[in-house]
Structure formats: structure tokens, C-alpha cells
Amino acid sequence: MANLLLLTNSSGASAQVLPALGLLQHNVKISPAEVSLLLDLPPVDCLLIDARQELVASKSFTKLLIATGVGVPIIVITTEGGLSAINADWAVADVILDTAGPAELDARIRVVIGKEVIAALAKNPSLKEIRSGELVIDEDSYTAKIKGRSLDLTYKEFELLKYLTQHPGRVFSRSQLLQEIWGYDYFGGTRTVDVHIRRLRSKLGPEFESIIDTVRNVGYRFSASNLGQDLQSDLKI
């Protein structure tokens, strides 16, 4: 699940700009496509620019965003008729029709975000190591250590710990974790998440099991404070 910011001057909801967006589970914020946004751009994984109308103004605004080093991929939303006006000069990550279905939209979002992550890792290989207090996660070797002790984790346990650590303090429901870790093609129940959390806590041991915090009636989160210090992670995606 990604954090998305939809920039549009339309007065309607996001479903009116891009109907498929309302059928996905991404976190979506909507903001006017105004230059003032550049002063206080919230942390997001991807920007969606509504370019269904006023293509010239949309192109200028998009290029201004890129010039200021916005640092996240941009997807332009347009109509069938607007496609002919979009070219490499826009310098955006992707373009999508406002009539696109949810599967296509979700795939495009995953691809552009994934490309940004790969590019960042290529520039700085050290980002493949995640540190939070006594916890060290090495993505290259698929190993995790806590207080110098190696954790004998399965693949899914490793992915679950890594994902929670990358989003400190953020609460994820069982359904969200099932989707992010097991994927869209997994048909098992959310009980699977509880089982893996229990096993993960057991391997962390009594001293550190509380870093995987249960939020009653909601889900789970990574609590860096339970490591005895604030999170200082080298990788945040």
C-alpha cells in the first residue's frame, strides 16, 4: 500500500478524477495543483497529476515540480485525446488514462515506485542495511540480528519484520500486511499474519518481542521505543 498525493484543481473527489483509485487500498490525499504546494510537500511515495484539462498549464506545473527536486515519481492522468500532447519532454515516470482499470493503475504505481527504490539502492548500496537500535536487517543476505544475535527467520518472517521496521510507528491491519507480504494472489485468511507475528516475537525473545506492538482491534506496528532508543533507520521506503 502506497501513500499517494493527487494534485488536481477539480472540485470533485479522487474517484471523479481517476475512478480506479477509489477501488484500491492506497492512502490517497488530494491537494490543489498550486505552486504553494512546493513549500510544504508532504512525504508521499508517488504524485498523481490531473492533466485532463489545461495540458499546457499541467506540463509547466509538472516540470516545475521536477525542477525543484520533488524526489518521488510522477504519474500524469490524462484523457484519450490528451495522450498525443504528452512526450518525453514532460519528464514524468508514467502516464495513465483516466479510464484505466484498478489492476492497470495498481501495476503502474508499483512499477514506478519500485524503479525509484532500485535507483536509490544503486546510488547508495549501504541503504540495503536497515538499522534500528540493536536491530540490524541486511537485505543482501536476508539476515537479521538483534543485539548481535542472529535471528533464524523464514522468508516471510524476514519480510514481515523488514516491512514493519521500514514504517516505524505506523499501524497496519492484518489485511494490509497480508496484501503487502503475501501478495494479491494469496487466498489464505488473516490468521496467517497472527501466526507469523507470534513466531517472530518468539524468535526476537522476551527482551525484544515488544518491538512488534499489537494495537487492539486494529493490527500491528513496529515500536522503535521498545528498543530503548528512537529509530534511526538507514532505509525508509
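For this chain, numbers begin at 1 and follow the sequence in order. Every value quoted in this text rests on a predicted model; they were computed, and no experiment measured them.
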#### Entry: Side-chain heavy-atom pair L204, L151 within 4.5 angstrom cut-off
yes

### Query
Got L65 and L7 here, is their nearest side-chain heavy-atom distance under 4.5 Å?
yes

### Query
Taking atom CD of E104 as the centre, does the number of heavy atoms from other residues, nucleotides or ligands within less than 6.0 Å exceed 12?
yes

### Message
Using side-chain heavy atoms (C-beta onward) and a distance below 4.5 Å, is Y220 in contact with V215?
### Response
no

### Task
Answer yes or no: is there an ion pair linking K203 with E157, defined by an N-O contact shorter than 4.0 Å?
yes

### Between T8 and S10, a side-chain donor and acceptor under 3.5 Å
no

### Query
Closest approach of G219 and R174, non-hydrogen atoms and distance?
CA-NH1, 4.0 Å

### Check: N9 and F61 side chains under 4.5 Å, non-hydrogen atoms
no

### Task
State, yes or no, whether a side-chain contact exists between W182 and K156 at a heavy-atom distance under 4.5 Å.
yes

### Query
Passes salt bridge (Lys or Arg N to Asp or Glu O under 4.0 Å), R198 versus D194? Steps please.
CA-CA 6 Å; R198 184 170 66 249; D194 294 328; over 6 Å; no

### Query
Parallel under 30°, tilted from 30 to 60°, perpendicular over 60°: which one fits the rings of Y142 and F158?
tilted

### Message
Tell me which one of T62, V92, I74 satisfies side-chain contact (heavy atoms from CB on, under 4.5 Å) with L47.
### Response
I74

### Query
So which heavy atom on H26 is nearest to which on A2, and how close?
ND1-N, 2.9 Å

### Query
Are any of the side-chain heavy atoms of L160 and F172 separated by less than 4.5 Å?
no

